[in-house]
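To keep things clear, I will list the structure first and then write my remarks on it.
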Protein chains: 2
Amino acid sequence: MFSYVEENYLKAIYHLSQHGETSVSTNALAEEMKTTPASVSDMVRKLSKKKAVDYQKYRGVNVSNKGKEIALKVIRKHRLWEVFLVDKLKFKWDEVHEIAEELEHIKSPLLIKRLDEFLGFPKHDPHGDPIPDEDGNFSSVKKQPLQDTEVGAKATVIGVDDSSPAFLKYLDKVGISIGTKLSIEDKNEFDGSMDIVLEESKAITISPAAAVNLLVVIE
Amino acid sequence: MFSYVEENYLKAIYHLSQHGETSVSTNALAEEMKTTPASVSDMVRKLSKKKAVDYQKYRGVNVSNKGKEIALKVIRKHRLWEVFLVDKLKFKWDEVHEIAEELEHIKSPLLIKRLDEFLGFPKHDPHGDPIPDEDGNFSSVKKQPLQDTEVGAKATVIGVDDSSPAFLKYLDKVGISIGTKLSIEDKNEFDGSMDIVLEESKAITISPAAAVNLLVVIE
DNA sequence: CATTTTTTTTAGACAAACCAAAAACATACC
DNA sequence: GGTATGTTTTTGGTTTGTCTAAAAAAAATG
Ligand SMILES: [Mn+2]
Ligand SMILES: [Mn+2]
Ligand SMILES: [Mn+2]
Ligand SMILES: [Mn+2]
């Protein structure tokens, strides 16, 4: 029905539309998919013909209900496999994304049902992202970038906005993981960096680049 | 390096060459791959250019050392995933082949290493077939079709030569699985059927069609 | 409203897989 | 040894999926 490339496009469109604007531009999508706007235009027209996206020329794209369903199924599979890799096969959280990119395209729905059961119906993946259920529903708490959190607040890390190994390794190094509690001590006007204290009283300073990608929930 | 279709071809060539003749004919391969001789000729030429098969026109194909290595890696992955599906996800032995056909093409070698470890380094898949190690070595006991076994012999079922759901379901129904011990009571000249008694003293008669596909080792 | 930027279309390319029909070949029988 | 027979290869072509450079069109900007 849908090739794995088409599935990847739908996932990317869904992702970008969640993140930023209502409508996803051709150029933004081209950058995300590491390809050219012309290729994106081609594919988007194809997906539109298949009713997987809503698309008006020059107006950007959005997943249709059908497209959203497909995207969420792929996301569900991706995240469940990530849990499997970390919980069962002892991978580290920065090692699983690439492998899950392949596994997410395995078709069998029964496989995913059984995998979900085997993993104990997890609600979040190793990066703190929620796992949609079979119907595409998932609970979302109102998380925010650490960057946007007030001085004096106490917060808990519940996710990351950048799952690159570089960032995840950095977090490991400074001692931050999903569930880490922290308090914001100060923001430095000069360079936008933030002084925070982790639950075990460890004091660190983190850059704005890190702070925008660290998602927290306020206590 | 090799597409999943190429991997499937190599697996099929290896399989046919193990089974029957030294050299695999175009027609035999076409039948196995459910395609036409013309397509096979095409692909075989391509694989030959890539040094994955030894091939002389009109003389049939064989996997090269390189091709054998690839085939055995795919077979290893296939069988490990089958063990995973049956042992961990509670699939039945007749349900796993299709899914493993997809999973066997996932690339990460580390994934397979960890999976092997997670499964406790199994030596055989759910159908009794040996799982090659990382270097492509596997132990093979001298199994034979039940068909070729003498009246009066006692034997243990160690594999099947046909993994189709139809056959596996039939075996479930009559109470035969890997490890079942049985004794051969009689062969009926008339239709080639065999009377056997299973370990729990259950007496059954099985057709030649079943007997050729049931692999046993004599005690 | 004119210039710049963004987006789309056009026109073409490539690669992987597939197949029907024609041609070439091997070999087995007379 | 010649010829009929079945097998294999080649030819020529299709489909699907993806990609790009460059031209054209639309939108945004000042
Ligand atoms: Mn991921
Ligand atoms: Mn993730
Ligand atoms: Mn199998
Ligand atoms: Mn098997």
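Proteins get letters first, then strands, A, B, ... in listed order; numbering begins at 1 in each.
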So which protein nitrogen or oxygen atoms get under 3.5 Å of nucleotides 14-21 of chain D's nitrogens or oxygens?
| from | atom 1 | to | atom 2 | distance (Å) |
| --- | --- | --- | --- | --- |
| D/dT18 | OP1 | A/S3 | OG | 3.3 |
| D/dT18 | OP2 | A/K46 | NZ | 3.1 |
| D/dC19 | N4 | A/D42 | OD2 | 2.7 |
| D/dT20 | OP2 | A/T35 | OG1 | 3.1 |
| D/dT20 | OP2 | A/T36 | N | 3.4 |
| D/dT20 | OP2 | A/T36 | OG1 | 2.9 |
| D/dT20 | OP2 | A/S39 | OG | 3.3 |

Output a table of nitrogen or oxygen pairs between the protein and nucleotides 4-7 of chain C separated by less than 3.5 Å.
| from | atom 1 | to | atom 2 | distance (Å) |
| --- | --- | --- | --- | --- |
| C/dT7 | OP2 | A/N27 | OD1 | 3.2 |
| C/dT7 | OP2 | A/N27 | ND2 | 2.9 |

Which atom pairs, donor and acceptor, lie under 3.5 Å between side-chain atoms of residues 128-138 of chain B and protein residues at least two apart or in another chain?
| from | atom 1 | to | atom 2 | distance (Å) |
| --- | --- | --- | --- | --- |
| B/D133 | OD1 | B/D135 | N | 2.8 |
| B/D133 | OD1 | B/G136 | N | 3.0 |
| B/D133 | OD1 | B/N137 | N | 3.0 |

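We find that CD of A/Q56 is positioned 13 Å from P of C/dT9, with the value rounded to whole Å. Atoms CG (B/L29) and C1' (C/dC19) sit 16 Å apart, rounded to a whole Å. Here the P atom of nucleotide C/dA17 and the CZ atom of B/F2 are 12 Å apart, to the nearest Å. Here the C1' atom of nucleotide C/dA16 and the CE atom of B/M1 are 16 Å apart, to the nearest Å.
By the 6.0 Å and 45° rule, B/K88 stacks over the aromatic ring of B/F118.
For the ring pair (Phe, Tyr, Trp, His ring centres under 6.0 Å) test, no residue two or more places apart in sequence or in another chain qualifies with B/H124. Checked against side-chain contact (heavy atoms from CB on, under 4.5 Å), A/K107 has the following partners two or more places apart in sequence or in another chain: B/E102. Partners of B/F84 by ring pair (Phe, Tyr, Trp, His ring centres under 6.0 Å), not counting sequence neighbours, listed by chain and number: A/F84, B/W81. For B/Y4, the ring pair (Phe, Tyr, Trp, His ring centres under 6.0 Å) partners are B/H105, not counting sequence neighbours. Residues satisfying the ring pair (Phe, Tyr, Trp, His ring centres under 6.0 Å) criterion with B/H97, sequence neighbours excluded, are B/H78. The side-chain contact (heavy atoms from CB on, under 4.5 Å) check on B/D161 picks up B/H19, B/N213, B/L215, with sequence neighbours excluded.
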